[in-house]
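Here is how names work: the chains are called A, B, and so on, in the same order as the sequence lines, proteins then strands, and each is numbered from 1.
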Amino acid sequence: MASPTAADVLHRAAELRGTLTAQFRDETVKSIYAEAERVARRASHQTGSARYDFDQRIDRLVTSPIFGLPIMALMLATVFWLTVAGANVPSAMLANFFFWIEGHGAALFDSFGAPWWVTGFLWHGVYRGLAWVISVMLPPMAIFFPLFTILEDLGYLPRVAFNLDFLFRRAGAHGKQALTMAMGFGCNAAGVIATRVIDSPRERLVAILTNNFVPCNGRFPTLIMIATIFVGPLVPAAVASLAAAGAVVGVVIIGVIFTLAVSWGLSRTVLKGEASAFTLELPPYRRPGVMRILYTSLIDRTLFVLWRAILTAAPAGAVIWILANINIADISIARHIANGLNPLGHAIGLDGVVLLAYIIAIPANEIVVPTLLMVYMGTGMMTDVTSIEDVTNLLINQEGWTLLTAVNLMLFSLLHNPCATTIITIYKETLSIKWTTIGTLLPLGLAFLVTFIVASLW
Amino acid sequence: MPPALLMSLGGLALALVLYFAFGWNLRRRTDQTRHRLEDALKHLFDLEYRGRRGSLASLTGVLRVADRVALDLVSRMQTQSLLVTRGSEFDLTSEGKRLALQVIRAHRLLERYFADEARLPLPKVHAAAERGEHHLSPDAADRLSASLGHPVVDPHGDPIPTRDGFVPPAAGTPATAWPLEQLARVVHLEDEPPISYAQLVAAGVAVGQTMRIIASTPERLVMTDGENEFRLAPAVAANIFLAAAPRDSGQRSAARLADLATGQAAQVLGLDEACQGYSRRRLMDLGFTEGATIRPALSTFAGDPRAYEIRGTLVALRRDQASQVLVLPQEQVS
């Protein structure tokens with residue numbers, strides 16, 4: 001009998017492989033697990049399970065059909081309230097400090113005899129942009145991120161995904177989208193990257209396109225400020241910060257509703273398909289590590305986001321100063337543009353300045369409020385806006401803002417196009433110009449539509 | 001601008017447009033010819049595989065082209081020595097078979113990919129693979145096969161040819177020819193024509209089910225998997241291929257994880273055959289293997305998803321996932 005050739009062997013192997021069923025793979029995994037079990041049983045033994053029972057009791061409470069969702073809303077509200085209530089004072093102190101430096105720096109330049117435009121450009125433009133961003137953003141972030149990291153470290157976030165999955169399932173989306181949304185509270189670009197945990201391409205795309213409807217940290221200062229100025233005074237002073245926090249939670253909930261509605265719409269039109277496999281591990285609760293929380297929240301998140309904001313705020317401050325200080329026919333360029341945008345702005349219950357601010361703020365949403373204030377102040381007339389009262393006075397008494405302006409500004413801030421970093425991230429993650437365009441224009445269109453409807457119905 | 005210059009510029013622009021349009025059209029047509037040729041090879045191979053022969057009539061029917069086009073195609077295949085005619089019937093040459101197998105391999109691998117990894121709904125898988133098969137080179141098919149873990153059959157149970165052109169023999173007997181009351185396993189669902197395949201999928205018939213035929217008349221064929229009854233027109237049922245059920249199909253006492261009451265402990269028996277690809281790997285990786293003890297621990301507001309305790313961890317699954325896990329409920333001991 002001739003010895004078999006290599007081709008025969010391969011052929012025979014292919015033939016035999018045909019007789020293997022899927023069970024062959026199952027057997028492999030099964031034996032690995034059996035071996036792991038054997039090793040584990042030899043190497044460790046279990047004494048009591050008090051901790052485990054404790055975990056179970058917490059789990060039963062936070063995922064309870066009755067209390068699960070209210071507990072979640074309460075936690076979210078607490079985090080926002082602590083942020084709103086805690087950030088006011090340090091923000092004002094920082095602002096005071098930075099503007100004190102600005103005044104003295106400008107005076108110093110003047111005493112050297114520097115031309116007005118040098119002083120103006122450097123101190124009232126670049127420096128002021130920086131000072132604003134730091135004093136508006138740093139305190140809320142330094143409170144919000146550690147609190148959020150604690151929840152994350154505890155292991156609570158997967159429970160949120162578990163609780164909310166029934167909504168996402170009905171919207172044809174993945175339950176882990178709740179996790180990516182949670183990341184989006186920090187930064188939408190980070191949220192878009194986090195969608196990698198979703199393994200179905202269709203559902204991942206849904207999560208990417210809708211991540212923007214979660215207000216990121218750069219937009220929170222705007223929301224918090226507007227809520228503080230317009231919602232706070234509607235109620236007795238004692239509960240003003242609670243009401244403001246409630247308003248912010250309300251905006252977040254509207255964002256969640258839009259996320260679900262848009263996911264639902266996408267799943268039935270351009271991204272047709274059924275909800276796919278969903279497996280989610282619920283890890284045991286862990287005591288948060290203090291050092292890790294401080295490191296993650298302050299270095300990884302706060303400083304990272306702040307640094308990015310600073311990088312865009314300095315040039316933006318310069319651009320704003322130039323727009324606000326170069327006059328054509330006695331009116332600044334900024335006012336010219338704002339006047340041009342006014343009809344569109346009024347149609348959606350806002351004004352041209354707000355739209356201009358959002359155009360300048362495309363690189364980073366953090367600088368919307370500073371831009372607004374600087375353009376409203378006009379040609380460097382701003383001496384000091386050190387307290388929230390000054391801002392209130394400026395917006396309500398001088399610029400004629402109403403509750404409608406506030407509501408629509410919050411809605412616009414929630415829904416409008418993502419910032420440049422997020423847009424670039426969407427492109428990097430999808431590698432598709434089409435989806436990047438949709439991810440940019442869909443929210444923008446929706447923002448105009450919703451604010452227009454609200455303004456018309458008001 | 002002088003009119004002469006204008007006219008010559010316009011002429012140039014027109015020439016450019018025509019040139020590109022012609023080039024594009026030419027490319028489209030060569031592509032179309034190649035696709036038709038590959039489809040024709042596939043069809044002829046498929047017939048030979050079932051012991052029949054292709055003819056001009058069968059080609060025009062399958063490709064939905066005019067006789068003239070089919071004739072042109074046949075002569076093209078003859079000059080490339082892919083096919084020889086024998087009377088009015090065609091025989092593929094070995095080269096023709098090799099090419100046909102390449103296309104079939106690409107098609108079935110793509111079906112596997114679309115069903116398991118991209119998780120397209122089953123009725124859409126075939127059409128997507130029809131389009132993709134012409135664009136997958138043999139090397140790319142090898143890579144795809146490796147990344148899928150060298151699957152042996154496509155989602156309908158058709159064998160996937162190996163790279164060197166080996167096809168396992170056809171398995172299964174049409175359900176219409178299967179004896180009554182004898183346990184059988186569904187090994188293959190014919191995916192052509194799409195309408196009857198969609199009917200099978202809608203009825204809930206899937207590869208891997210264990211079936212028993214209860215009644216077979218010229219009007220109706222009734223079969224059961226022990227739980228549901230399937231009533232099918234014989235023409236549709238003929239697309240179900242059965243083979244003898246493996247070992248003892250004693251899954252009578254098996255329940256589905258999704259149907260367990262909260263707190264009721266059970267032992268995992270295995271995963272449903274319908275659960276393949278990514279979903280199967282994921283569940284196996286999480287420890288849903290035979291013998292593991294499992295207990296539904298937490299339920300949400302809507303009752304779906306639920307969290308299950310397995311191997312000392314909690315894993316949340318939606319109802320569709322949980323119903324793919326077969327379990328043996330344990331009697332409450334203590």
Side-chain angles (χ1 to χ4, degrees), chain A residues 7 10-11 13-15 17-34 36-37 40 46 52 55-56 59-60 62-66 68-69 158-159 161-167 169-170 175 199-203 272-284, chain B residues 117-121 124 149-153 159-164 166-169 171 208 246 270-271 273 275-292 297-309 311-321 324:
Chain A
L10 287 176
H11 194 269
E15 215 172 50
R17 203 179 66 211
T19 63
L20 286 177
T21 51
Q23 257 111 41
F24 145 70
R25 267 161 232 292
D26 296 10
E27 289 301 325
T28 314
V29 181
K30 205 176 97 185
S31 67
I32 291 173
Y33 260 106
E37 241 176 51
Q46 205 175 353
Y52 187 71
D55 269 20
Q56 288 246 304
D59 261 342
R60 245 177 249 130
V62 299
T63 65
S64 137
I66 303 162
L69 294 180
R159 271 77 183 176
F162 181 59
N163 273 341
L164 289 180
D165 180 64
F166 75 103
L167 291 172
R169 179 166 41 86
R170 275 171 211 174
D199 32 73
S200 139
R202 186 191 73 81
E203 286 160 12
K272 234 179 233 149
E274 293 301 310
S276 77
F278 166 81
T279 51
L280 174 75
E281 281 166 89
L282 303 177
Chain B
E117 308 295 327
R119 275 171 279 162
L120 242 53
K124 285 188 180 174
H150 295 294
V152 185
V153 291
I160 299 176
T162 57
R163 164 110 211 219
D164 52 348
F166 170 73
V167 211
L271 302 176
E273 288 282 328
C275 170
Q276 284 298 334
Y278 180 84
S279 320
R280 191 179 190 90
R281 287 201 302 276
R282 183 91 184 109
L283 285 175
M284 300 285 298
D285 290 348
L286 286 170
F288 288 76
T289 55
E290 193 183 326
L298 298 171
S299 177
T300 47
F301 175 66
D304 178 18
R306 288 201 296 178
Y308 300 91
E309 206 184 289
R311 297 186 186 280
T313 59
L314 270 178
V315 177
L317 299 178
R318 283 181 181 169
R319 204 181 157 75
D320 345 345
Q321 267 76 47
Q324 288 178 328

**Asked** Under a 4.5 Å cut-off applied to non-hydrogen side-chain atoms, are A:Asp165 and B:Thr300 in contact?
**Response** no
**Message:** Please classify the contact between B:Arg281 and chain A as side chain, backbone, both or neither, with a heavy-atom cut-off of under 4.5 Å.
**Reply:** neither
**Asked** Say you draw a straight line from OG1 of A:Thr28 to CE of B:Met284; how long is it, rounded to the nearest 0.5 Å?
**Response** 8.0 Å
**Prompt:** To the nearest 0.5 Å, how far apart are CD in B:Glu309 and CG in A:Asp59?
**Reply:** 10.0 Å
**Complete:** Those residues at least two apart in sequence (or on a different chain) that pass side-chain hydrogen bond (donor to acceptor under 3.5 Å, both in side chains) with A:Arg170 are none
**Request:** Looking only at non-hydrogen atoms, find the nearest pair between A:Gln56 and B:Ala297 and report the distance.
**Result:** NE2-CB, 4.4 Å
**Request:** For A:Tyr33, check ring pair (Phe, Tyr, Trp, His ring centres under 6.0 Å) against everything at least two apart and list the hits.
**Result:** none
**Prompt:** Considering only heavy atoms, which portion of B:Leu283 lies under 4.5 Å from any heavy atom of chain A: side chain, backbone, both, or neither?
**Reply:** side chain
**Complete:** In terms of heavy-atom contacts, B:Ala307 and A:Phe162 come closest through N-CZ, 3.5 Å
**Asked** CG of A:Leu282 to OG1 of B:Thr313: how many Å apart, nearest 0.5 Å?
**Response** 9.0 Å
**Request:** Verify, without hydrogens or angle tests, whether A:Glu281 (side chain) and B:Val315 (backbone) share a donor-acceptor contact under 3.5 angstrom.
**Result:** no
**Asked** By a 4.5 Å heavy-atom criterion (distance strictly below it), what part of B:Gln324 contacts chain A: side chain, backbone, both, or neither?
**Response** neither
**Prompt:** Given side chains that start at C-beta, do those of A:Phe278 and B:Asp320 come closer than 4.5 Å, heavy atoms only?
**Reply:** no
